[in-house]
2 protein chains.
Amino acid sequence: MLRRFVSNSHAKKIAGNSTLKASSGLQTPARHLKASSIAIKRAYAAKQPPKLTSETYSYVKRDEKYKKLTPADIEALKAIIGTKGSIITDDIPSDLDFYNEDWMRKYKGQSKLVLKPTTTEQVSEIVKYCNQENLAVVPQGGNTGLVGGSVPVFDEIILSVANLNKIRSFDSVSGILKCDAGVILETADTYIKENGNYIFPLDLGAKGSCHVGGVVATNAGGLRLLRYGSLHGSVLGLEVVLPNGEIMNSMHSLRKDNTGYDLKQLFIGSEGTIGIITAVSILCPPRPQAFNVSFLGVESYEMVQKVFQKAKNELGEVLSAFEFMDNKSLKLTKEHITSPEPLEGEHPFYVLIETSGSNAEHDSAKLEAFLESAFENELILDGTVSSNESEFKNLWSWREMIPEASAVGGGVYKYDVSLPLKELYSLVEAVNERLEAAGLSSDTDASKPVISAIGYGHVGDGNLHLNVSVRTYSKEVEQCLEPFVYEFVSGKHGSVSAEHGLGFQKKNYIGYTKSDQEVKMIKQLKSIYDPKGILNPYKYV
Amino acid sequence: MLRRFVSNSHAKKIAGNSTLKASSGLQTPARHLKASSIAIKRAYAAKQPPKLTSETYSYVKRDEKYKKLTPADIEALKAIIGTKGSIITDDIPSDLDFYNEDWMRKYKGQSKLVLKPTTTEQVSEIVKYCNQENLAVVPQGGNTGLVGGSVPVFDEIILSVANLNKIRSFDSVSGILKCDAGVILETADTYIKENGNYIFPLDLGAKGSCHVGGVVATNAGGLRLLRYGSLHGSVLGLEVVLPNGEIMNSMHSLRKDNTGYDLKQLFIGSEGTIGIITAVSILCPPRPQAFNVSFLGVESYEMVQKVFQKAKNELGEVLSAFEFMDNKSLKLTKEHITSPEPLEGEHPFYVLIETSGSNAEHDSAKLEAFLESAFENELILDGTVSSNESEFKNLWSWREMIPEASAVGGGVYKYDVSLPLKELYSLVEAVNERLEAAGLSSDTDASKPVISAIGYGHVGDGNLHLNVSVRTYSKEVEQCLEPFVYEFVSGKHGSVSAEHGLGFQKKNYIGYTKSDQEVKMIKQLKSIYDPKGILNPYKYV
């Protein structure tokens, strides 16, 4: 049966190699693919420079409790930070653009001052000064966020941690890395790879730009969450400058420490609103030696869940990704991609499974046994498998290109939500029904604004990406979608932000996921740590 | 080389079976061993009933800000809790003993009232009433803690969550379990085993008695931490009654939720001082299908670390335990145990490695290849390996019996600390040097109070158990050990409580691990959530 399964596979034919061998030294190409595709975009996600946030969202007003920056302030801050090159002022306004604009070019602040301190003590002194003087501050890492959380809204001072960029230590026995917040994720990953063959327990498309401190401050999810869990488990300690300038240092090398409340947890995912992370201590797992990718055709979302359950049980410890996409996602991608199709026929759903482990032969044997049994039990209709680097790239590209493909027809409304697994896909169905009932949607009729709502994402994490692909943006479509999508997610006790955070974009939507009690407690903590509200104002708290 | 390695092995001879096969349905016998040994002890760890804590620690005084319980209070609380059998008063004083005494019989409170509510709302009403009336409350789970955290010191009301004992839901696709706080750990584990072959991501000797809520409230570590990580990563949501009676509900089924501060993290490990956990949502991994255990002789602690590093890299995803013990640990155990010795010769250090995974053959092949290479590279001197249940028990017993064996000579001073891996064993060496320099220690001279300091523990977690085995307790020995041990741990930036928490026993030692800044922040949070200090007073915060 496996033979039939394999022989059906287009990818397998291309690979021309039915023996799955150890691929020592092989790096996850999918990650490379993502990194490079982001790298290209990083120049700018959009061609047009953004309008000022204060113009786009004119109902948001500058809070006059914040002092306006004076020449005396700049002198005082210069005295703290000292070194030439660590301050950017509006002598050449365009120098400020990179820091004022977000990566998507949706938001643009009007900061006149960027500070790039080189020590934690400088960060502390700066924040202490700003607190005393009621000067608002936006902490900034690699500025790759997707919700406008890392750029100012008005004239907040930007405090970039880019110059806090040293690896402090790496213990190649325990796998514990300690580094400054401004170390680039890829730099950290490369360092620990070269010093003991470890892997950073988180991977992101933006890894060539984003900072270790930034991923912790935003509790980034990324591609390895299914395997390595959340940062709340892997971060062992933090160094944080509080809004009053005090430094909280819990930079332990300890996996276990049960002496009082785990304070660092509060700052993981706080998006720079109650403290500035200046250093991170994190536990890194050994780097896998082997990777396999399989691409499968599946009959229904119910079957997707069954395949997932089976994969968890049978692939267990080597399962490192379980992604799904619907038929329309693949169809849209097909119009945009030149790579050979992974499967010959068409299927209602597709699944991409990645394994990674310490023994290539074992992993391949597990995956093939799993696939054979899944095929015999009619859980999957067709599939292909590869442990070859170029094949990886191709298979992953069919998943990775969906976001771009969904915008090609004109535009896209994007939602990034968590839902209980059973109900993950029901949102896509509900949205399509709603759009059709409103007469707004057609695959073929070009007079309709919406092409289709498509669904894909990290099944393993319960994280759905709902993309509503449109021919043109329209208020009618937007009103059909919102607040419907948020209400739907709220009704299923899901999260309106699975991995991107709230930042500025979703500042008003926290109540769809968090209860009044939780929102009250979040605001309470904000008021305790930052009573003057100087850190990252106008955002979600 | 493997043959020589294996043929040297006593255990292998006993097993009489050189083929490593899948052991479907096999449960981790080491866990069973522990559970049963605890079950025996649970009747009481010590024979003598404890003295009142207020007598043993006469310098701790009852805080007169707390009201003394009145008949009117009991009536009011009865009105909330209603059901017969949910209240225990001092009608029969001995009925209160189980709740007033800790498992070790080191502490005994004087509570006159135990409440066992059956709903979260009742917990809320009780706490609200007690807050209004300044009545102190001790939350209690299975009462298996080791630091006196779960029993009253004076006349605090005991709020037991034992009657909150329902499994709320289990999703066999996602592996997410939601249950009341009072569900016994083993009950939860059995339930998810039978409903989808999952495993609770934490295991403890006390699993037959301890509660799910209690392990979360104390951030218990246990035997699976190396494999499944800390509860901060696996707990997805909590329901918590705050000291003012408000209910914080974050009982999500979401692996990813980036909407504001992760409030639940504060309550994980808070030891009932800022809230009472009434329910837990937790992500459970698939249950491994196969287990292997290997017992190795190693030349030095440096080699132990090298073996650990190699095991992490080569066993990677199937490594589930890495325990070490020194020569003296094994020697002491030998006097106490009738099981056949795992190895024929004597070695300076011993290592126990457990693998568990989804494929018995693969796991065995990985382990054997690892052992062969470790042997050829002279990292290990001798060793044995087994995938047979009775052999498991024997091999694990040589590790598990150390705590009891170290007390056989008369008594034992126990320390449970985290240290950076490189320096883990240096504490044992330092303590032995110190005891010898003071002329207090001899293996053979029965006139000396100390037999020896021995070291063993979870290398994989950086968690050392230092046991100072004595012929007799003496003030001189105690003064030689304390505060030296805490200062040593503090000097290496370790933790004075790796997994047991602080409770009452270590209430004065938090400053050896946490900085002044952290202690200040912990006290600040306590004062915000519990301004009247009604929850679990006289403990570490």
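We name chains A, B, ... by the order of the sequence lines, and we start the count at 1 in each one. Basis for what follows: all heavy atoms, side chains included, without hydrogens, waters or symmetry-related copies.
- When the candidates A:Ile274, A:Ile176, A:Ile247, A:Asn359 are compared by the number of heavy-atom contacts under 4.5 Å with chain B, A:Ile274 comes out ahead.
- Taking the side chain as every heavy atom from C-beta outward, B:Lys526 and A:Tyr261 approach each other to under 4.5 Å.
- Interface summary for chain B: among A:Pro420, A:Pro286, A:Ser230, A:Gly501, the most heavy-atom pairs under 4.5 angstrom belong to A:Pro286.
- No other option in B:Ser253, B:Pro285, B:Ser497, B:Gly233 has as many heavy-atom pairs under 4.5 Å with chain A as B:Ser497.
- Proximity to chain B (any heavy atom under 4.5 Å) is shown, for A:Leu502, by both the backbone and the side chain.
- Looking at A:Tyr228, there are no atoms closer than 4.5 Å to chain B (heavy atoms on both sides), in backbone or side chain.
- The structure places OG of B:Ser250 at 9.0 Å from CE of A:Met521, a figure rounded to the nearest 0.5 Å.
- For chain B, the option among A:Gly316, A:Ser172, A:Ala220, A:Gly229 with the highest count of heavy-atom pairs below 4.5 Å is A:Ser172.
- Per-residue counts of heavy-atom pairs under 4.5 Å with chain A were compared for B:Thr273, B:Leu225, B:Val459, B:Leu231; the largest is that of B:Leu225.
- Looking at A:Tyr198, the atoms closer than 4.5 Å to chain B (heavy atoms on both sides) all sit in the side chain, from C-beta outward.
- In plain terms, the two heavy atoms of A:Thr218 and B:Asn258 that are nearest each other are O-ND2, 3.1 Å.
- For the set B:Leu421, B:Val541, B:Ile510, the count of heavy-atom pairs under 4.5 angstrom toward chain A peaks at B:Leu421.
- With values rounded to the nearest 0.5 angstrom, B:Gln524 atom CD is found 6.0 Å from A:Ile528 atom CD1.
- Note: A:His362 leads A:His362, A:Gln265, A:Arg255 in heavy-atom pairs under 4.5 Å with chain B.
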Let me see the working for A:His232 and B:Asp262 under side chain to side chain contact (heavy atoms under 4.5 Å, CB included), right down to the final yes or no. CA-CA 9 Å; A:His232 287 287; B:Asp262 196 351; 3.1 Å; yes
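- A:Asp257 places no side-chain N or O within 3.5 Å of a backbone atom of B:Gly494 that could act as its donor or acceptor partner.
- Across all their heavy atoms, A:Thr513 and B:His252 have their closest contact at O-CE1, 3.9 Å.
- Defined by atom type and a distance below 3.5 Å, a donor-acceptor pair is missing between the side-chain atoms of B:Glu314 and A:Ser358.
- Using a 4.5 Å cut-off between heavy atoms, A:Tyr509 makes no contact with chain B at all.
- For a residue to count as touching a neighbouring chain, one of its non-hydrogen atoms must lie under 4.5 Å from one of that chain's; by this rule A:Asp171 touches chain B with the side chain only.
- When A:Gly462, A:Gly221, A:Gly357, A:Ser234 are compared by the number of non-hydrogen pairs under 4.5 Å with chain B, A:Gly357 comes out ahead.
- The candidate from A:Ala498, A:Ser270, A:Gly503 with the greatest count of non-hydrogen atom pairs under 4.5 Å with chain B is A:Ala498.
- Here OG1 of A:Thr259 is found 3.0 Å from NZ of B:Lys514. Values are rounded to the nearest 0.5 Å.
- The backbone N or O of A:Val173 sits nowhere less than 3.5 Å from a side-chain atom of B:Lys306 that would complete a donor-acceptor pair.
- Heavy-atom distances place the side chain of B:Leu263, and not its backbone, under 4.5 Å from chain A.
- For chain B, the nearby parts of A:Glu317 are the backbone and the side chain; heavy atoms of each come within less than 4.5 Å.
- Panel note: side chain A:Ser418, backbone B:Lys256; a donor-acceptor pair is recorded below 3.5 Å.
- Of the listed residues (B:Asn197, B:Val318, B:Asn249), the greatest number of heavy-atom pairs within a distance under 4.5 Å of chain A belongs to B:Asn249.
- In this structure, the portions of A:Glu499 lying under 4.5 Å from any heavy atom of chain B include both its backbone and its side chain.
- Counting heavy-atom pairs under 4.5 Å between each of B:His493, B:Met248, B:His500, B:Glu518 and chain A puts B:Glu518 at the top.
- Your options are B:Leu254, B:Asn313, B:Asp416, and the one with the most heavy-atom pairs under 4.5 Å with chain A is B:Leu254.
- If you measure heavy-atom distances from A:Leu419 to chain B, the contacts under 4.5 Å come from the backbone alone.
- For A:Lys422, the NZ atom counts as loosely surrounded, since its 6.0 Å shell holds 12 or fewer non-hydrogen atoms of other residues, nucleotides or ligands.
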